[in-house]
There are 2 protein chains.
Amino acid sequence: MAPDTREKILQTAARLFLEQGFSATGVSTICREAGVNSGSLYHFFESKDALLVGVLNWYEEHLDPIVMGPIEHAQPDPVERIFALLAWYRGNMVATECRLGCPIGNLALEVSDTHPQVRPHIDINFANWSARIEAWLNEAGDRLPADLDRRGLSKFVLTVMEGGLMQARASDELGPFDDSVAQLRAYIDALLERARPTGTTQRTEETSA
Amino acid sequence: MAPDTREKILQTAARLFLEQGFSATGVSTICREAGVNSGSLYHFFESKDALLVGVLNWYEEHLDPIVMGPIEHAQPDPVERIFALLAWYRGNMVATECRLGCPIGNLALEVSDTHPQVRPHIDINFANWSARIEAWLNEAGDRLPADLDRRGLSKFVLTVMEGGLMQARASDELGPFDDSVAQLRAYIDALLERARPTGTTQRTEETSA
DNA sequence: TATATTCTTGATTGATCGCTCAAGTAAGGA
DNA sequence: TCCTTACTTGAGCGATCAATCAAGAATATA
């Protein structure tokens, strides 16, 4: 009968780190918003840094059930799934008026250098994300060129997502994100075209010969 | 005969914000490392936030003389210039063992939401950066398809740079950055190929017919 | 030289920082 | 019932935070 105090602390900290950043968020604020005393927080986490690791583990555990799972279920086509995922992040930016962005990306730039013991946990989150993209690319089989570096392309998709979100937040406009996704679409369309047997054309999905 | 105290403060603050982040850097640390008393700092900057704006103005003024200018001079080909620029950032990452990254990108994620009066100054830095890329793409003329969205592609190049640096820092490896640049290269190669008159081939630069 | 302005000194402010701890309550097993 | 462990309480620790200010030094103009 473990209390949900720990979970409440994790979710509150995750939200505040996303809204304000790690350094700018005080432990006292986390306690107040979680409705918990500092002694309880330090019962479950030995330091603010340990709490940050807990938050990153929380994200690692919830990527599939919250993000990847629903998208895989909603979009059967592995290539379109990539753009459905990017559209999911776009939807978050619309809902927040170009705020927040990606919690892992934010922490990556804030603490990778200063907290070397935390960095690997950020790395794992990114690795899991792009590994799922790589699996989708493999699922696409010979619709993509045989000599394509699918692992490299999977990291490229993450690059596009993070870089697009960054510029969207900086400009307070979705334009740069949409521009980036459009360029990625053009690139992947060119890859699909290159892998297509000569003499065939395709405009909508599931058309062959 | 304005003293160089202000400049010393700006450069010290820029370095510390890059190494530690904005929130994690104390004003007292800036003063100590700049060899200045806090009263002097607050004589030139009315607050820590105003100092941050000063740092962003400093970056805006130095992008051309420090980064873009030398690269334009060293690489005459406008398309190769893009990859020379990316190689310049890669060189910084090699020199710092995958630390620091881009100072503007770091600040973009840390303060865009919490300091709305600072965000436009980040936006300007990004806009200047991608505007230069756009000028290079225009310089490439009909080597690129006429219907290409060159402004969108210029933002895409910034996306690739920032996303690649982020993953390089998170993984402590240049791999994801190199992967991303390689995918961008493949995309731009495809664009060059598409714009090439039929019946011609090209492998090295400055070859025609 | 006289005067005004610019810049520097550095101690000090109240607030907040991450964190501790002794005491107390709750819950489970025997 | 007794004992142990798990968890909570909340005041309080020393340190550091961003920022202030009265005083003085340096500099420029006249």
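Every chain is numbered from 1 and lettered A, B, ... according to where its sequence line falls, protein lines coming before strand lines. Hydrogens, waters and symmetry mates play no part in the numbers below; they use all other heavy atoms, side chains included. Source: prediction; values computed, not measured.
- Residue contacts shown for S23(A) are absent, as no nucleic acid heavy atom lies under 4.0 Å away.
- Straight-line distance from the CD atom of E46(A) to the P atom of dC19(C): 9 Å, rounded to whole Å.
- The distance between atom NE2 of H43(A) and atom C1' of dG24(C), rounded to the nearest whole Å, is 15 Å.
- Remark: side-chain polar atoms of T25(A) are paired, donor with acceptor, to backbone N or O of L16(A) under 3.5 angstrom.
- Counting only residues at least two apart or on different chains, the salt bridge (charged side-chain N to carboxylate O under 4.0 Å, His left out) pairs with a member in residues 109-122 of chain A are D113(A)-R169(B).
- Residues F156(A) and D179(B) fail the side-chain proximity criterion, which asks for heavy atoms closer than 4.5 Å.
- Of the candidates W58(A), F22(A), Y59(A), F22(A) is the only one forming a ring-ring contact (aromatic ring centres under 6.0 Å, His included) with F17(A).
- Taking atom CG of residue D4(B) and atom C1' of nucleotide dC7(C), one finds them 13 Å apart after rounding to whole Å.
- Taking the centre and axis of the six-membered ring of F83(B), the NZ or CZ atom of R185(B) falls inside the cone set by 45° and 6.0 Å.
- We find that NZ of K48(A) is positioned 4 Å from P of dG18(C), with the value rounded to whole Å.
- Using a 4.0 Å cut-off, no side-chain N or O of Y42(B) falls inside it from OP1 or OP2 of dT20(D).
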For this session: Take D172(A) and R99(A) through the salt bridge (Lys or Arg N to Asp or Glu O under 4.0 Å) test and state the conclusion after the steps.
Result: CA-CA 8 Å; D172(A) 199 22; R99(A) 305 246 162 71; 5.2 Å; no

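- When all heavy atoms of D123(B) and A170(A) are compared, the closest pair comes out as CB-O, 3.3 Å.
- In the region residues 31-41 of chain A, proximity to DNA chain C at under 4.0 angstrom, judged on heavy atoms, holds for S38(A), G39(A).
- T25(B) comes within contact range of the sugar-phosphate backbone alone, with a heavy-atom separation under 4.0 Å but no base atom that close.
- Distances were taken from every side-chain heavy atom of V27(A) (C-beta onward) to each of dC17(D), dT8(D), dG18(C); the shortest belongs to dG18(C).
- With rounding to whole Å, R6(A) atom CZ is found 17 Å from dT8(D) atom C1'.
- Residue S28(A) places none of its side-chain N or O atoms closer than 4.0 Å to OP1 or OP2 of dT16(C).
- For the pair I9(B) CD1 and dA19(D) C1', the computed distance is 14 Å after rounding to whole Å.
- OP1 and OP2 of dA18(D) both lie 4.0 Å or more from every side-chain N or O belonging to S47(B).
- dA19(D) atom C1' lies 17 Å from atom CZ of F44(B), rounded to whole Å.
- Side-chain N/O atoms of T5(B) include one lying less than 4.0 angstrom from OP1 or OP2 on dT8(C).
- The CZ atom of F45(B) sits 15 Å away from the C1' atom of dT8(C) (whole-angstrom rounding).
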